[in-house]
Amino acid sequence: MAATDTSQRYALYLPPEYSRARTWPVLFVLDPRGRALLAERLFEQTAARLGWIVMSSYNTLSDGPPEPNIAAMNAMLASAQGLSIDRSRLYLAGFSGTARVALRFAALLRGQVAGVIAVGGGLGFGLGRTELTFVGDSAFALFGAAGTRDFNYEEVFDMDDRLRALHVPHRIVDFDGPHSWPPASLCGEAIEWLELRAMLGGLRPLDSSFVRMRLASELERAAELEREGHGSEALHLNDAIARDYTGWTEAGVALRRAAALRNDPRVVRYESEAHRLATLSQRQALELQRSLQSEHGRREPASLEQLTSKLHIAALQKTVDHGDSLEASSARRQLARIFVWLAFYEPRAYLASDAPTRALRMFEAAVTIGPIQGEECRLLREALAVATPEQRARFAGQCTDPS
């Protein structure tokens with residue numbers, strides 16, 4: 001429970017060696033559904049090894065008004081003052097909507113927040129030019145991550161070019177998965193990288209053995225990727241190594257390999273196709289918004305066949321099944337984006353405006369992509385109150401008990 005606001009609760013992790021004899025970096029975790037322990041435990045193992053405090057709120061949320069997140073952050077900041085914290089090394093971690101929240105807080109707390117871990121959400125259009133806050137700031141660092149099936153994948157990776165142009169220290173990585181927190185191993189990697197950036201940015205004493213060990217490990221990983229034929233991934237990792245370890249002689253290897261890979265015709269073709277597909281995906285996101293918005297203005301809802309055709313669901317599913325690896329991955333992410341709008345955002349809006357029949361139509365289209373589950377089930381149960389027997393039959397098997 002927070003000391004200044006008894007309505008606020010958070011999970012607190014103190015590293016095994018914690019004492020008031022020194023100060024400690026602290027990571028504030030903002031889960032989009034207030035799952036404090038689930039999120040905190042992802043960072044716990046590496047926090048124990050490197051000596052980080054972790055505070056994770058039960059009150060943060062995504063897709064809602066800003067006030068709950070502001071209250072949760074203020075409560076954790078106030079409570080942290082009672083601990084022996086390094087006030088120059090405050091870090092934030094968020095997923096999805098709370099990744100964007102964490103970036104906003106970092107901009108507002110410029111000079112106090114040393115880094116952000118942004119998963120499944122990025123700067124986006126809604127944050128304007130927030131990244132300008134951190135231009136040339138070597139004491140701030142951003143670690144971004146997205147699942148390979150995450151509908152926000154392009155949004156996260158779009159940060160790479162934007163931050164590179166502004167000389168903001170950053171790493172952007174992906175992991176095999178959907179729109180979710182990454183595995184604990186990658187969360188630990190994020191803390192390790194932020195620890196490295198704290199050394200390189202002058203926020204803590206340099207541990208040359210730590211830096212050299214990490215540099216050697218990253219160089220070996222880049223070489224392994226290249227040997228395995230993952231030229232594009234090797235290029236991006238070598239670029240990141242060259243940025244992070246500027247001035248370290250060993251980093252010259254990464255600089256040379258990046259230059260060679262950038263001129264490799266296979267890598268050039270791959271990068272060009274990836275860029276083309278990312279542009280198409282961003283265009284699809286805008287088209288999706290327009291298509292769904294047009295439904296709100298119709299006197300009668302579109303038929304299921306009209307709706308799925310307008311959203312190109314069958315065509316995308318065909319690409320998933322028969323496209324090459326890049327095309328299939330892009331189509332899979334586009335379907336995931338369509339699904340989350342059909343199974344969550346649109347039904348929620350229709351139910352809030354007392355239009356459950358229209359909410360059901362969205363759900364009918366959603367199940368052509370995948371099963372209804374998790375928090376979407378509450379919305380489906382509410383909509384089913386006006387369902388016909390045929391519609392109820394159509395939703396048989398969704399959730400544990402959709403009736």
Counterpart residues, salt bridge (Lys or Arg N to Asp or Glu O under 4.0 Å), relative to Glu300 (two or more places apart):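 Listed in chain order: nothing, the list is empty.
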Arg9 charged N/C atom sitting above Tyr58 aromatic ring, 6.0 Å / 45°: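 Positive - Arg9 is close enough to the ring of Tyr58 and near enough to its axis.
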Over-ring placement of Arg333 relative to Phe151, 6.0 Å and 45° cut-offs: no
Are the side chain of [X] and the backbone of [Y] linked by a donor-acceptor contact shorter than 3.5 Å?
| X | Y | result |
| --- | --- | --- |
| Ser330 | Leu326 | no |
| Tyr18 | Tyr13 | no |
| Thr279 | His275 | yes |
| Glu228 | Leu225 | no |
| Asp31 | Leu61 | no |

Ring centroid separation His179 to Phe95 under 6.0 Å: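 That pair passes the under 6.0 Å test.
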Pair listing, side chain to side chain donor-acceptor pair (under 3.5 Å) test, anchored in residues 336-352, at least two apart: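 Listed by first then second residue: Asp63-Tyr345, Ser281-Arg337, Gln284-Arg337, His296-Glu346.
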Set of residues satisfying side-chain contact (heavy atoms from CB on, under 4.5 Å) with respect to Glu17, sequence neighbours excluded: Trp24
Residues in side-chain contact (heavy atoms from CB on, under 4.5 Å) contact with Leu194, at least two apart in sequence or another chain: Trp52, Tyr91, Ile117, Ala141
Residue pairs passing the salt bridge (charged side-chain N to carboxylate O under 4.0 Å, His left out) test where at least one lies in residues 304-315, sequence neighbours excluded: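 For residues 304-315, and leaving out neighbouring residues, the salt bridge (charged side-chain N to carboxylate O under 4.0 Å, His left out) pairs sorted by first residue read Glu295-Lys310.
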Pairs satisfying salt bridge (charged side-chain N to carboxylate O under 4.0 Å, His left out), at least one member in residues 276-291, at least two apart: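 Every salt bridge (charged side-chain N to carboxylate O under 4.0 Å, His left out) pair that includes a residue of residues 276-291, provided the two are not neighbours, is Glu273-Arg276.
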Would you call [X] and [Y] a salt bridge, taking side-chain N to carboxylate O under 4.0 Å as the test?
| X | Y | value |
| --- | --- | --- |
| Glu327 | Arg332 | no |
| Arg164 | Asp160 | yes |
| Arg22 | Asp86 | no |
| Arg227 | Glu224 | no |

